[in-house]
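A short write-up of the structure that comes next.
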Protein chains: 2
Amino acid sequence: MSLRYAILGYLSTGPGTGYDLARQFDTGLGWFWSARHSQIYPELKRLTEDGLITRDTTMVSENMDKYIYSIAPEGLAVLRDWASKPPTYAPNRDTERLQLIFSDDSPESLRKHLETHRDHFRRRREKLQATIDTIRAGEHERVNSRLARRGPEEAALTLQLREMAYVGDIERADLEIAWAERGLAWLDSHEHKPKGRQQGAALAAPQAAGVQQVGEGGVPADASAAP
Amino acid sequence: MSLRYAILGYLSTGPGTGYDLARQFDTGLGWFWSARHSQIYPELKRLTEDGLITRDTTMVSENMDKYIYSIAPEGLAVLRDWASKPPTYAPNRDTERLQLIFSDDSPESLRKHLETHRDHFRRRREKLQATIDTIRAGEHERVNSRLARRGPEEAALTLQLREMAYVGDIERADLEIAWAERGLAWLDSHEHKPKGRQQGAALAAPQAAGVQQVGEGGVPADASAAP
DNA sequence: GTCGGCATGTAAGCGGTTACATGATTGG
DNA sequence: CCAATCATGTAACCGCTTACATGCCGAC
């Protein structure tokens, strides 16, 4: 149940409405968590009942209210407590990889698969880059409002952690793009000679430390000699 | 609902029991999907009812049966159809990153966080490497039984896709390890001078293509000049 | 006037986790 | 004899998605 902490985390950078949260989570990027408004509103209610956040009501009209939520000291404590615990890792579930390894009966679609993968991470990379650029330029409102409440030493740490998180995700995206492009290059070198015995294009990344290389290419020579 | 396809995929490499599936998914590694037996058994029942798999019963004793499932032609078709569709990407949900960016109120735990991260991906990398080594050596039973049913051309593609999947995941693990180690190095260079103004250790990976570099280090000089 | 963005909620259903439950076989 | 592994199931619960539902406000 990280949603709770994601909300507390957001509100720790300043007050906001449910709609603000929904926009951040739903457009997702710049963010490391995602949620729909149908999940957010009930959770805000629960957090208020638990005394972790407070709610201010501003009347918009007779039959329409707007609620601005702020984090309470108890909420800040809960957030800090949670963040200080070492991370746990959910079991891996990767639909893309699953599809990939069972695509060997439908090779025509492989190219499209890899192109989709590459394009997905290109888009993601662009958005991450744009966000970290904004933070670096000191123009990210939420980050700034968090920094404003802190001394210069704490501020440096806040920025360092954002930097680590975004740079890490950008590198992930770069890796996925390079991976897909290597796959596409392999396809290129094989598509006009589908009967090919030649195990051409290098598969493993040149710089990938510690990856054991096999003789000729990605596929061992005796591969089909298996039972 | 990828579980259904993960099961079909597994059974496409040969018959197996629910328990076999549970072991593969639950120990997770070597695999790109995960599930508990409590989810697997009902799904096997549904797949049988839908005619995608068949069930053979071997009586173990009077009041205990054992069921061996095999993929049906309809199941193979459904699997192939699913695998040939371009991948879709679930919204990003990353507890670890979320914890990281809100650790700026509890810096003492940062080191442990990064060490846990590094160790997690080291273990994962080891298991992935062991599996791909087995496949490369032609000693992976499931992969071999899949290869046995196919001609040499198809076999080459099967192996290529496994290679891509495992190498891709190994590179991901390498990236995470390197990322965590860079973070730890940064911590080292800051722990004995917590008041430090000096923005020491490089943050961005030296080889990360296209990552915009900032002047001195990971953090822009005017960072705390924000409102 | 209607369309898109702001704003807030509820309900059904699904996929996954945790816990409960039972029994056979094998080896120390 | 007891523990571990093999083997199969059910039930309660939780988090997330999809869909349903309503209403304000400003701009074109």
Side-chain angles (χ1 to χ4, degrees), chain A residues 1-8 10-11 15-28 31-50 53 55-69 82 88-95 98, chain B residues 1-8 10-11 15-28 31-50 53 55-69 82 88-95 98:
Chain A
M1 45 175 294
S2 297
L3 172 62
R4 159 158 288 228
Y5 303 107
I7 292 175
L8 288 174
Y10 180 78
L11 292 180
T17 66
Y19 190 80
D20 290 336
L21 277 156
R23 248 191 323 162
Q24 282 296 319
F25 285 151
D26 188 25
T27 66
W31 266 96
F32 308 104
W33 203 258
S34 173
R36 313 249 171 242
H37 77 273
S38 58
Q39 206 187 351
I40 292 166
Y41 289 116
E43 188 63 39
L44 283 169
K45 204 182 168 188
R46 259 173 262 131
L47 282 163
T48 310
E49 284 161 6
D50 294 348
I53 61 178
R55 191 173 87 164
D56 286 291
T57 307
T58 54
M59 205 162 324
V60 175
S61 69
E62 283 103 71
N63 37 347
M64 199 74 196
D65 276 345
K66 182 178 161 176
Y67 306 117
I68 296 165
Y69 293 93
W82 171 78
T88 56
Y89 295 85
N92 215 40
R93 280 195 189 87
D94 192 333
T95 318
L98 208 56
Chain B
M1 46 175 297
S2 296
L3 172 62
R4 158 158 288 229
Y5 302 107
I7 292 175
L8 289 174
Y10 179 79
L11 293 180
T17 67
Y19 190 80
D20 290 336
L21 277 155
R23 248 189 325 160
Q24 283 295 319
F25 285 151
D26 187 24
T27 67
W31 266 96
F32 308 104
W33 202 257
S34 173
R36 313 249 171 242
H37 76 273
S38 58
Q39 206 187 354
I40 292 167
Y41 289 116
E43 188 63 39
L44 283 169
K45 202 180 167 190
R46 259 174 262 130
L47 282 163
T48 310
E49 284 162 6
D50 294 350
I53 62 179
R55 189 173 90 163
D56 285 291
T57 307
T58 54
M59 204 161 329
V60 174
S61 70
E62 283 104 70
N63 38 348
M64 198 79 194
D65 277 345
K66 182 178 159 177
Y67 306 117
I68 296 164
Y69 295 92
W82 171 77
T88 55
Y89 296 85
N92 215 42
R93 280 193 187 88
D94 193 333
T95 318
L98 208 55

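Labels below follow one simple rule: chain letters A, B, ... track the order of the sequence lines, proteins then strands, and each chain is numbered from 1.
In this structure, A/Ile7 places its CD1 atom 12 Å from C1' of D/dG15, rounding to the nearest Å. What separates CG of A/Asp65 from C1' of D/dT22 is a distance of 14 Å, to the nearest Å. Atom CG of B/Asp26 is separated from atom C1' of D/dT8 by 15 Å (rounded to the nearest Å). In this structure, A/Asp20 atom CG and C/dC6 atom C1' are separated by 10 Å, rounded to whole Å. Rounding to whole angstrom units, CZ of residue A/Arg23 and P of C/dG5 are separated by 11 Å. At whole-Å resolution of the value, CG in A/Leu47 and P in D/dG15 are 12 Å apart.
Proximity of a side-chain donor or acceptor of A/Thr17 to a complementary backbone N or O of A/Asp20 within less than 3.5 Å is detected. Although no hydrogens or angles enter the test, the distance criterion places no donor-acceptor pair under 3.5 Å between the side chain of A/Ser34 and the main chain of A/Asp26.
Using the six-membered ring where Trp is involved, A/Trp31 and A/Tyr10 have ring planes that are tilted, between 30° and 60° apart.
Electrostatic pairing of A/Glu43 and A/Arg46 counts as a salt bridge here, judged by a charged N lying under 4.0 Å from a carboxylate O. Ion pair A/Asp50/A/Arg4 flagged as a salt bridge, since at least one NZ, NE, NH1 or NH2 atom sits closer than 4.0 Å to an Asp/Glu carboxylate oxygen.
In terms of the salt bridge (charged side-chain N to carboxylate O under 4.0 Å, His left out) criterion, B/Asp56 has no residue partners (sequence neighbours excluded).
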(Q) Counting primed atoms plus P, OP1 and OP2 as sugar-phosphate and everything else as base, spell out the protein contacts along nucleotides 9-19 of chain C at 4.0 Å heavy-atom distance: B, S or - for each nucleotide, 5' to 3'. (A) BBB---SBBBB
